[in-house]
Amino acid sequence: MTQLDVRVLIGSLRSASYNRKLFDASHELVPEGISLTEIPIWELPHYNQEIQQDPTPVVERFWEAIRESDAMLFITPEYNYSIPGVLKNAIDWASRPAGSSPIYGKPGAFFGASGGRSGTMRMQLHMRQVLPCLNMPLLLKPEVFIPNVADAFDDEGNLVDDRLKGQLIEFYEAFEQLIRLQRS
Ligand SMILES: Cc1cc2nc3c(=O)[nH]c(=O)nc-3n(C[C@H](O)[C@H](O)[C@H](O)COP(=O)(O)O)c2cc1C
């Protein structure tokens, strides 16, 4: 069975990010057929069509990393009821050049954790609005909303919420099925 190379964009830049911790924990939760690799977004400039026409090495590397992927995963908090600006900026970069965008048509999935009660539900609704613009076949179920995220980890930063681990295992199994279906 072909190994699936899933590249990950994380929507929080802080080093102690819970969403980053969920990415770290995910390596042990994904099926054997999936590998997860982060594509850094913190080096990207603010999107500017003039830079796009004469792209910097950072932008070229970003496009190449997406082009190499079999699918894209977004793990992100909700900021002000929506997608964090740094992640939207990365999605805007990924969407260009129009006509040969590296992300266009790639299978995609997203989930997220927040400190609040909604568990990124409103952010996820906005992802469902934005990503179809890139013609991405999306994993729509199961949905994973993670509220009060600090409670899911112990003091050493280990994911200790077994119910959440189970949800993520199901999420990744369904994502693998979606990716393989798209390739068949
Ligand atoms: C600018 C900003 C906006 C935020 N807006 C929301 C929000 O709309 N909904 C929510 O549940 N949490 C919101 N939060 C709280 C985040 O969910 C919380 O800080 C979370 O831990 C961020 O994810 P991270 O740990 O991966 O950095 C916001 C935080 C920041 C810094």
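Counting starts at 1 for both ligands and their atoms, in listed order. All heavy atoms count here, side chains included; hydrogens, waters and symmetry mates do not.
Across F23, Y18, Y79, heavy-atom proximity to atom 30 (C) of ligand 1 is greatest for Y79.
Shown in contact with G116 at under 4.0 Å from a heavy atom are these atoms of ligand 1, numbered in order with element: 11 (O). Atom numbering of ligand 1 starts at 1 in the shown order; those under 4.0 Å from a heavy atom of R14 are 21 (O), 24 (P), 25 (O), 27 (O). Ligand 1 places these atoms under 4.0 Å from at least one heavy atom of N19: 23 (O), 24 (P), 26 (O). Annotation for ligand 1: atoms under 4.0 Å from non-hydrogen atoms of Y81 are 7 (C), 8 (O). Near P77, the atoms of ligand 1 lying under 4.0 angstrom from a non-hydrogen atom of the residue are 22 (C), 23 (O).
Looking at heavy atoms from C-beta onward, M127 lies in side-chain contact with I83 at the 4.5 angstrom threshold.
Using a 4.0 Å cut-off between heavy atoms, E78 contacts ligand 1 through both its backbone and its side chain.
At most 12 non-hydrogen atoms from other residues, nucleotides or ligands lie less than 6.0 angstrom from CZ of R163. Annotation for E28: atom CD does not count as buried by contact number, only 12 or fewer foreign heavy atoms lying within 6.0 Å. Atom CD of Q3 sits in a crowded spot, with more than 12 heavy atoms from other residues, nucleotides or ligands closer than 6.0 Å.
Within a 4.0 Å radius of atom 4 (C) of ligand 1, the protein contributes one or more non-hydrogen atoms. Within the 4.0 Å cut-off (strictly below), a protein heavy atom is located near atom 25 (O) of ligand 1.
The aromatic rings of F23 and H27 stand perpendicular to each other, their planes meeting at an angle above 60°, with 30° marking the opposite boundary.
Between D24 and R20, none of the side-chain N atoms (NZ, or NE/NH1/NH2) sits under 4.0 Å from a carboxylate O, so this pair counts as no salt bridge. Comment: R61 does not engage E64 in a salt bridge, judged by the lack of any side-chain N to carboxylate O separation of less than 4.0 angstrom.
Closest to atom 11 (O) of ligand 1, if we only count protein heavy atoms, is S114 OG, 3.2 Å. Protein heavy atom in closest approach to atom 17 (O) of ligand 1: G115 N, 3.0 Å.
Taking distance alone, with nitrogen or oxygen atoms compared against 3.5 Å, N80 approaches ligand 1 more closely than that limit.
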Going through the distances and angles, do F175 and L4 end up as a side-chain contact (heavy atoms from CB on, under 4.5 Å)?
-> CA-CA 11 Å; F175 193 27; L4 299 174; over 6 Å; no

